[in-house]
Amino acid sequence: MGLPDSLNSSHKHHLLTSFKHVDDLLSDIESILASSTSMSPFPKYRQAILPVQIKVVQDYIARIRAQMIQVLKSQDISPPDPQFAATRSVRVNLEFAEIAFDECGPDALRGYGPVPDPLIPELNGMVEEMRSLLRKLRTYLAQDIGQDPQARLQRLDGTTAEIALLKTLERIINERGLVEFRSALAIILDKLESNSFQIALFGRVSSGKSSLLNHILGMDVLPVGVNPITAVPTRIMHGPEPALTVSYLDRSTERLEIGRLSEFVSEQFNPGNSKHVMRIVVDWPAQRLQDGVVFVDTPGLGSLATAGAAETLAYLPQCDLGVVLVDAGSTLNQEDLSTLQSLDQAAIPAMVLLSKADLHGPEDRDRLMEYITNQISSKLGLKLAVHPVSIKGECTKLLDEWFEKEIQPLCGRHQESAQQSVRRKTGALCEAVEAALKVRVELTAKGSKEQRENLQYAEAHLRKATGEFEVVNTFCLRASEEIRTLGRMGLSRAATDVAQRWFSEGAKEANTRDVVVRNLVETATEGANQVYRKIQGLGQDLSRALVAAASALQVDAPRDENLASVVKEMPRLDLGPIEVNLHRGFLAVLGEAWVRRQVEKKLRGQVGPAVDEAFQRYGRVLESWSRRMLAELRRQFDAHADGYRAQLERLAGTGTAGPDETDAIRRDLKTLSRFHSGQPVVPAHQILDIH
Ligand SMILES: Nc1nc2c(ncn2[C@@H]2O[C@H](COP(=O)(O)OP(=O)(O)OP(=O)(O)O)[C@@H](O)[C@H]2O)c(=O)[nH]1
Ligand SMILES: [Mg+2]
């Protein structure tokens with residue numbers, strides 16, 4: 001009897017358990033390596049391993065693992081099925097990870113000793129980046145299985161021509177780990193499933209969005225008014241009866257009387273969305289809502305905006321048409337331009353309305369419209385028509401005209417428009433995925449140590465820049481707080497100036513008020529300028545980090561690369577009507593120092609409380625201005641940085657693609673190029689068979 005030509009099951013079992021044990025040990029080594037480079041305040045190991053050694057150890061671990069897989073394969077041994085539901089374990093770990101990351105921030109670290117100032121931005125950046133990644137990952141894992149893009153695509157099969165491309169994109173995103181494109185894909189699938197055409201109204205606070213929608217739909221359910229009103233984006237869609245559906249973040253959805261809308265939608269009754277409303281849908285039986293047209297009323301943007309503005313910006317990429325209202329009473333500003341720019345970046349068609357057109361006669365109106373069109377064209381390079389509208393008197397016919405000429409035909413063609421919108425979004429996603437793949441192949445082709453270092457440098461640069469936000473934010477809060485108390489200092493400075501003038505130039509009493517006001521304004525401005533310069537400096541740092549990332553990835557830097565230009569229109573000190581009544585009179589015979597004290601005392605008595613209050617107010621205004629500027633910088637920075645970061649991490653971390661992967665990526669690129677070259681496309685099932 002000859003020997004059997006393969007290992008028996010006990011042999012195999014022994015091999016498998018031994019390999020499994022080795023693999024666990026290797027994982028431990030990986031965690032030792034990881035912890036030796038970790039920023040954690042509680043390192044487990046002393047830093048005895050140099051970065052270059054770590055790299056070598058990692059390479060060997062990879063080789064040992066590859067070898068084990070080879071051996072198992074050649075002996076026909078298959079590893080056992082996994083025992084735990086991975087998503088659950090991952091979610092549990094992520095919860096702990098978030099807590100752990102919070103503990104790595106400089107504030108937490110300070111409990112263990114002083115943290116060197118230059119390290120603070122980097123630490124903050126790490127915590128911020130990690131938390132944002134963890135949040136995204138958790139949201140993704142929290143979706144039930146019906147939300148899995150593959151299953152959703154399966155259900156949508158045959159509904160539109162884009163499905164084949166979307167399936168290919170889904171596969172590539174998955175296989176190549178391009179997680180940054182998942183949310184874009186999810187938005188497209190939402191669209192395909194809901195089959196609606198969403199027309200959203202954007203604009204600054206009080207530009208007339210809610211009034212306009214009430215008028216268009218023949219209703220008065222949306223609250224309107226002069227203060228910031230709308231706090232939560234509100235979708236209005238066709239329904240047989242007026243009704244209201246409110247979904248919350250933390251409890252189940254409710255269906256309510258339509259009359260209760262303002263309890264949820266308005267800033268007054270739901271300030272800062274304290275009721276945790278996620279989604280508001282109004283059913284309304286209007287003819288204009290048929291064919292699946294949905295209108296969306298959004299919280300106002302701009303300098304007077306409330307927390308709702310963030311909801312508006314988060315909602316923005318989901319609409320099919322963005323209608324931006326520019327108030328005829330206040331004309332176009334930077335905020336309107338950046339809304340239009342965000343729509344453009346999200347590949348969403350936009351229209352501009354000159355609202356409250358009744359405020360001007362036809363000639364002024366035409367001039368304003370021409371000005372707005374020119375500004376949009378010169379500042380953004382976009383050709384957009386501007387339509388005047390109004391809900392008052394005679395001018396309502398302008399609104400009806402706009403609706404009939406521009407919107408009705410679109411609604412009629414909504415099915416087609418919805419498909420166009422999906423096509424455009426899919427096209428944009430396809431281009432972005434292709435760009436990400438190309439970078440991997442190209443950098444692999446040229447792949448050198450220097451290149452790798454470039455990537456790591458750019459990655460660290462982005463991280464540092466992200467961390468600067470927290471530092472600048474703290475600085476601005478402190479500076480705004482200080483400005484609130486500068487009223488006293490401003491007055492004594494004014495007193496010194498007044499006294500000096502009286503002694504050096506002779507009395508010019510008529511100018512005393514101007515001298516005082518100038519000194520107060522200068523005091524406030526010096527403080528505010530620090531805030532301004534800090535935020536502008538941040539804008540420049542962020543732009544540099546983006547340019548460095550783009551150049552390391554060898555892609556074009558963003559068009560709007562100068563983020564510092566976001567920082568505009570710093571508020572000024574508003575002293576209100578103050579009366580100063582100082583006379584040199586008999587004081588002139590006394591010494592300058594004494595006079596100065598008298599002047600200061602008089603000034604305090606006359607305008608002290610008003611000045612204090614003006615500085616208090618100015619501090620608050622400046623604080624909210626700096627918050628807004630930082631939020632806007634953050635939004636613009638993240639729009640580019642998220643994608644760069646993901647690519648840099650992949651390339652600098654796991655390295656460029658190996659030869660097999662490079663071939664696979666080339667095949668992916670070829671498959672994608674067929675979709676837009678109009679060549680016959682391989683059916684989806686065959687594409688999946690290629691690999
Ligand atoms: N003259 C004139 N005033 C208007 C017109 N439309 C709206 N208004 C006024 O503008 C103010 C703001 O209107 P809203 O519709 O609440 O503005 P909004 O853009 O929804 O404001 P938020 O929800 O706070 O962002 C109200 O006092 C309206 O009466 C218009 O066509 N002409
Ligand atoms: Mg409103």
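Just follow the structure's listing: the first ligand is 1, and inside any ligand the first atom is 1. Bear in mind the structure is a predicted one, so any value in this text is a computation, not a measurement.
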Practice item. Looking only at protein heavy atoms, identify the closest one to atom 10 (O) of ligand 1 and say how far it is in Å. Key: K356 NZ, 3.0 Å

Check your understanding: Is the shortest heavy-atom distance from the side chain of L546 to the side chain of L462 under 4.5 Å?
Key -> yes

Exercise for review: May I ask you to decide if R204's main-chain N or O and K209's side chain share a donor-acceptor pair within less than 3.5 Å?
Suggested key: yes

Check your understanding: Can a salt bridge be assigned to the pair K379 and D336 using a cut-off of 4.0 Å between side-chain N and carboxylate O?
Key -> no

Point to revise | Pick from S211, P223, G208, G225: the one approaching atom 11 (C) of ligand 1 most closely through a non-hydrogen atom | key: G225

Check your understanding: Looking at atom 31 (O) of ligand 1, what's its closest protein heavy atom, distance included?
Key -> I391 N, 2.9 Å

**Study point:** Residues, nucleotides or ligands: over 12 heavy atoms within 6.0 Å of E431 CD
**Key:** no

Check your understanding: Does any N or O atom in V389 lie less than 3.5 angstrom from one in ligand 1, N or O only?
Key -> no

Review point. How far is atom 19 (O) of ligand 1 from its nearest protein heavy atom, and which residue and atom is that?
Key: K209 NZ, 2.7 Å

Practice item. Inspect the surroundings of CG in D400 and state if more than 12 heavy atoms from other residues, nucleotides or ligands are less than 6.0 Å away. Key: yes

**Study point:** Whether Y532 and W625 hold their rings parallel, tilted or perpendicular, with breakpoints at 30° and 60°
**Key:** parallel

Check your understanding: Hey, is ligand 1 close enough to G300 that some N/O pair sits below 3.5 Å?
Key -> yes

Check your understanding: Relative to atom 21 (O) of ligand 1, which among A231, A328, S390, S206 owns the nearest non-hydrogen atom?
Key -> S206

Exercise for review: Considering heavy atoms of the protein only, find what lies nearest to atom 23 (O) of ligand 1 and give residue, atom and distance to 0.1 Å.
Suggested key: T230 OG1, 2.7 Å

Review point. What is the closest protein heavy atom to atom 29 (O) of ligand 1, and at what distance does it sit?
Key: K392 NZ, 4.3 Å

Review point. Which residue supplies the protein heavy atom nearest to atom 1 (N) of ligand 1, what is that atom called, and how far is it?
Key: D358 OD2, 2.9 Å

Review point. In terms of residue, atom name and distance, what is the protein heavy atom nearest to atom 27 (O) of ligand 1?
Key: V226 CG1, 3.6 Å

Check your understanding: Would you call N227 a ligand 1 contact, heavy-atom distance under 4.0 Å?
Key -> yes

Review point. For D574, does its backbone N or O pair with a side-chain atom of R617 as donor and acceptor, under 3.5 Å?
Key: yes

Practice item. Please answer whether the main-chain N or O of V224 pairs with a side-chain N or O of S210 as donor and acceptor at a distance below 3.5 Å. Key: no

Review point. Atom 24 (O) of ligand 1: which protein heavy atom is closest, and how many Å away?
Key: I229 N, 2.7 Å

Exercise for review: Examine D297 against ligand 1 and note whether any of their N/O atoms are separated by less than 3.5 Å.
Suggested key: no

Check your understanding: Mind checking whether P299 has an N or O less than 3.5 Å away from an N or O of ligand 1?
Key -> no

Review point. Would you call S207 a ligand 1 contact, heavy-atom distance under 4.0 Å?
Key: yes

Practice item. Mind checking the CZ-CG spacing from R424 to L429? Nearest 0.5 Å is all I need. Key: 14.5 Å

Exercise for review: Please answer whether the main-chain N or O of V226 pairs with a side-chain N or O of S206 as donor and acceptor at a distance below 3.5 Å.
Suggested key: yes

Study note, to complete from the structure: ligand 1 atoms nearer than 4.0 angstrom to some heavy atom of L359 are 1 (N)

Check your understanding: Which atoms from ligand 1 have a heavy atom of V205 less than 4.0 Å away?
Key -> 24 (O), 25 (O)

Check your understanding: Within a radius of less than 6.0 Å around CD of Q408, do more than 12 heavy atoms belonging to other residues, nucleotides or ligands occur?
Key -> yes

Check your understanding: Does W402 reach the main-chain N or O of V389 with its side chain, forming a donor-acceptor pair under 3.5 Å?
Key -> no

Review point. Less than 4.0 Å between a side-chain N and a carboxylate O, is that true for R627 and E623?
Key: yes

Review point. At distances under 2.8 Å, what protein N, O or S atoms surround the Mg ion (ligand 2)?
Key: S210 OG, T230 OG1

Review point. Are the side chain of T525 and the backbone N or O of V521 linked by a donor-acceptor pair below 3.5 Å?
Key: yes

Practice item. List the steps, then state whether salt bridge (charged side-chain N to carboxylate O under 4.0 Å, His left out) holds for D327 with K356. Key: CA-CA 6 Å; D327 192 327; K356 311 185 190 176; 3.0 Å; yes

